[in-house]
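Just so it is clear, the structure is predicted and the values come from calculations on it, not from any experiment.
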Protein chains: 2
Amino acid sequence: MTGKPGKVTQREIARIAGVSQTTVSMVLNDRDGSNIRIPDATRERVRRAIEQSTYVADPAARRLAGLDNKILGVFTYESALTPESMDFYGPLLNGIERAAESLGCDLLFFTSSPVEEGRRRLFHRNTRLRLADGCVLLGQQMDGEDLERLVAESFPFVAVGRRDETDAPVPYVGIDYGSLTGRLLDRAVELGHEKVLYLHRDLNSPTARDRLSAIGRAPGALAVAPFAVGADLSDLPQVVARSGATAVFAEDAFLIEDAALVLGGAGAGLSLAALAEVRGHRIGGRALSGFHTPRQQVAAEALALLQQLISAPAEEHGGIEIQRLLQGEVAFGETLTVRGGAR
Amino acid sequence: MTGKPGKVTQREIARIAGVSQTTVSMVLNDRDGSNIRIPDATRERVRRAIEQSTYVADPAARRLAGLDNKILGVFTYESALTPESMDFYGPLLNGIERAAESLGCDLLFFTSSPVEEGRRRLFHRNTRLRLADGCVLLGQQMDGEDLERLVAESFPFVAVGRRDETDAPVPYVGIDYGSLTGRLLDRAVELGHEKVLYLHRDLNSPTARDRLSAIGRAPGALAVAPFAVGADLSDLPQVVARSGATAVFAEDAFLIEDAALVLGGAGAGLSLAALAEVRGHRIGGRALSGFHTPRQQVAAEALALLQQLISAPAEEHGGIEIQRLLQGEVAFGETLTVRGGAR
DNA sequence: CTGAAAGCGCTTACAG
DNA sequence: CTGAAAGCGCTTACAG
C-alpha cells in the first residue's frame with residue numbers, strides 16, 4: 001500500500017528545489033545548529049516546493065529513523081466504547097482525548113488485541129504497541145506480567161489507577177480511595193453508626209485492597225465487617241440482620257443499588273453508601289452517598305506523565321514523580337444519615 | 001525512542017537460530033511458495049528462538065517495507081469523546097470498535113489535528129494519516145477539498161454519511177434519509193395532515209439536502225413549508241400560526257424539543273416529529289416520532305468497506321459498491337397523531 | 001553551507 | 001533451500 005501514485009517524498013521535493021534530500025530534511029526539521037547553516041534563500045526555495053506539493057512526512061519512516069511520533073497508545077483490558085462501559089471509561093476517554101489534543105498527539109487504540117478469557121492481551125504476535133511512543137493502560141485489573149514486561153523493555157507507559165502487582169515500580173495516576181474511604185467512615189462515626197457491613201466482590205485489584213485496608217484502619221468506635229458477595233444476593237437481608245449493622249456500604253454504586261433492591265423494605269432504616277463514584281446514582285429518589293472522583297483529570301494527568309516519560313531522557317526519570325494519587329471528594333448525598341434516621 | 005535496550009529484532013533472532021535474517025522474515029510471514037521452501041526443522045528452530053525472546057515486529061519497519069499494518073485511521077471533524085458528542089458519535093464509535101475487533105485492526109484517532117474555525121483539519125504539516133492503511137471520516141459536514149485530495153492521492157478512505165461535495169465518487173456508507181422522510185410524510189397524509197412546517201438549521205450537508213429534496217417530492221395532498229430557523233426561536237408561534245400547519249417537523253430531535261418548548265401551550269394541538277434518530281427523546285412525556293437509524297451498523301459497514309478497499313487491488317475497485325445507503329425505520333412514536341388530535 | 005553515506009527494521013526479488 | 005543485496009522514506013553524523 002505504499003508507493004501510491006499521489007505520494008510525494010523528500011527526494012521529489014529535493015529534485016524540484018534543486019537541493020539534496022538531506023537539505024530538505026534539515027529544513028523540515030528546522031535543524032539549525034553550529035555546523036549547519038542553511039541560507040534563507042535555500043530554505044525559502046524548499047519551503048515553496050513543499051507548499052506547492054502535497055508532501056507530508058511518512059510517519060513510519062520517521063519512526064524508523066528514531067524520532068518519536070506523537071502517537072500515544074491506549075490499551076483497555078475490555079472494550080471501551082460500548083454503551084455499558086461508558087459509565088467507567090467515558091470520563092477517562094474524554095480526559096485522554098482532551099489531553100491528546102492539547103499535547104498534539106494522536107491516539108492509537110489497540111482494538112485488535114486478541115481476547116482471551118474475556119480480557120485483551122497486550123502482547124501478541126502482531127502487536128502494534130511499538131508504533132506508539134508510549135502507552136496508557138486502562139482497566140480495573142491488569143496483568144502483572146504485562147506490566148513487568150513493559151518495565152523490562154523500558155517501554156514508556158502509565159497505568160490509570162494505582163498498581164502494586166509488580167516488584168518494579170510502575171508509573172501510575174490513580175485516585176486515593178484509601179483516604180476517601182477513611183473520610184466516609186469518619187462521617188459514619190459522626191452520624192452515630194457503630195456497625196457497618198461492607199459488601200464487595202471478590203476482586204483482587206489494588207483499589208479494592210485500598211478500600212479494604214482503609215476499612216481495617218477504621219476508627220475504634222466503628223466496626224466494619226467486610227462481606228464478599230457472590231452473584232446471588234438473596235441471603236443479604238439475613239446477613240444484614242445478623243450483623244446488627246446500621247449502615248451498608250458497597251464497593252461501587254451498582255452493587256449498593258442491587259443490595260438496596262434485595263433489601264427492599266428491610267433496608268428502610270439503613271444508611272447506604274458506595275465507596276466509589278456516585279454521580280447520577282439515586283436510591284429511592286435520594287442521591288447516593290459516596291465519592292466524587294476526578295476521573296477526567298486522572299486521565300489527563302496520566303497522559304501528561306506519559307509525555308514526560310517519553311521526552312525526558314531515562315536518566316532524568318528519577319526526578320519525576322511517577323506514582324500519583326489524586327484526591328477525590330466525599331459526596332455526602334442523602335442515603336448516609338443519622339443512625340436510625342428514616343431513609 | 002527506538003533502539004531501546006529491550007528491543008529484539010529479526011537480526012537478533014537470526015543470530016540465535018543460526019540462520020539469516022531473511023529466513024526469519026520468511027518464517028514469520030509464512031512465505032512458502034514455489035521457489036521458497038523452508039524445511040520444518042529450520043522453521044521450528046526459528047519459531048523457538050522467537051518464542052524464547054520478546055520479539056515483536058516493528059510496525060514502522062513493516063509499513064515502510066510496503067506491507068499494510070492493520071491500522072485504520074479514524075478522523076472526526078469535532079472532538080468525539082466529549083459527553084455532548086456521545087449522542088451522535090457514541091453508536092458510531094461503538095460500531096467502529098466492534099468492527100475493528102473482528103477485523104483484527106487497531107484504530108488510530110487523529111486527535112492532534114489542529115482545530116481551525118472549530119473544525120479539525122485532516123491534512124497538516126505533521127499528519128500521521130499515512131501510518132494508517134486507510135481512514136474513516138466522521139462528521140456532519142466534511143471538507144470537500146479533503147475528500148478530493150484523498151481521492152487524488154488514492155488513499156483508501158470511507159466517509160460515514162452520504163457525500164456529494166466532490167466530482168470524484170467518494171466511498172461512503174450512510175443512512176437513506178430521503179426514503180425515511182418520504183415514509184414519514186406518507187404517514188402524515190394518512191393521519192389527515194395537509195400542511196406541515198419543516199424547521200431546519202441552515203446546514204449545507206448532504207443529509208440536510210436529502211431531507212429537503214424528499215420534502216420537495218411530498219405527496220400532492222401534503223404541503224410542506226421549509227423554514228430555516230436561527231438561534232432565536234421566539235417568533236416560531238407566529239410562524240406556525242400564520243402557516244396554518246397542523247404538524248411541525250424538524251431536522252433533528254433537539255430542534256423539535258426546542259420548538260416544543262417555545263410553542264408551549266400554543267403547540268398543544270400540533271403533531272411533532274424529527275426527521276432523525278429519536279431514541280430516548282420524549283416531548284411532554286410522549287415518545288417523539290421520527291426515525292430509528294442503524295448507526296452502529298453504518299459504522300461497522302464503513303469499516304468493512306474500508307478494509308475491502310485496502311485489500312483489493314485498485315483495478316478491482318470497480319467491482320465494489322462504494323456508495324451504500326442503509327435503510328432505517330420510521331419510529332411512529334406518540335407525537336405524530338391524527339390531525340387535530342389531542343397531544 | 002551542502003551533499004553522499006550509513007542506518008533504522010523490515011520485505012522481496014535475485015543469486016547461488 | 002538459504003543468504004546477500006536493494007529498497008521503503010527518513011535522520012543524522014561525517015566529509016567536503
Determine which nucleotide pairs with dA4(C), using a 3.5 Å limit on both distances of a Watson-Crick or G-U wobble pair. none
Looking at dA13(C), which nucleotide sits across from it as a Watson-Crick or G-U wobble partner, both distances under 3.5 angstrom, or is there none? none
Would you say [X] places a side-chain N or O within less than 4.0 Å of OP1 or OP2 belonging to [N]?
X: T23(A); N: dG3(C); answer: yes
X: S20(B); N: dT2(D); answer: no
X: Q10(B); N: dT11(C); answer: yes
X: S25(A); N: dT12(D); answer: no
X: R62(A); N: dT11(D); answer: yes

Closest nucleotide among [options] to the [X] side chain:
X: T9(B); options: dT11(D), dT12(C), dG9(C); result: dG9(C)
X: A61(A); options: dA4(C), dG9(D), dA13(C); result: dG9(D)
X: M26(A); options: dG9(D), dT2(D), dT12(D); result: dT12(D)
X: V19(B); options: dT2(C), dG3(D), dT11(D); result: dG3(D)
X: T22(A); options: dT11(D), dG7(D), dA5(C); result: dA5(C)
X: Q21(A); options: dT11(D), dT2(D), dT11(C); result: dT11(D)
X: Y55(B); options: dC10(C), dT2(C), dG3(D); result: dC10(C)

Establish, yes or no, whether the cationic atom of [X] lies under 6.0 Å from the six-membered ring centre of [Y] and within 45° of the ring axis.
X: R128(B); Y: F110(B); answer: no
X: R119(A); Y: Y77(A); answer: yes
X: R324(B); Y: Y172(B); answer: no

With heavy-atom distances below 4.5 Å as the criterion, would you say the side chains of L129(A) and L150(A) are in contact? yes
Go through the steps to decide whether E78(A) and Y89(A) satisfy the test side chain to side chain donor-acceptor pair (under 3.5 Å), and finish with yes or no. CA-CA 10 Å; E78(A) 306 96 32; Y89(A) 284 114; 2.7 Å; yes
May I ask you to say what A60(A) touches in the nucleic acid, namely base, sugar-phosphate or nothing, with a heavy-atom cut-off under 4.0 Å? nothing
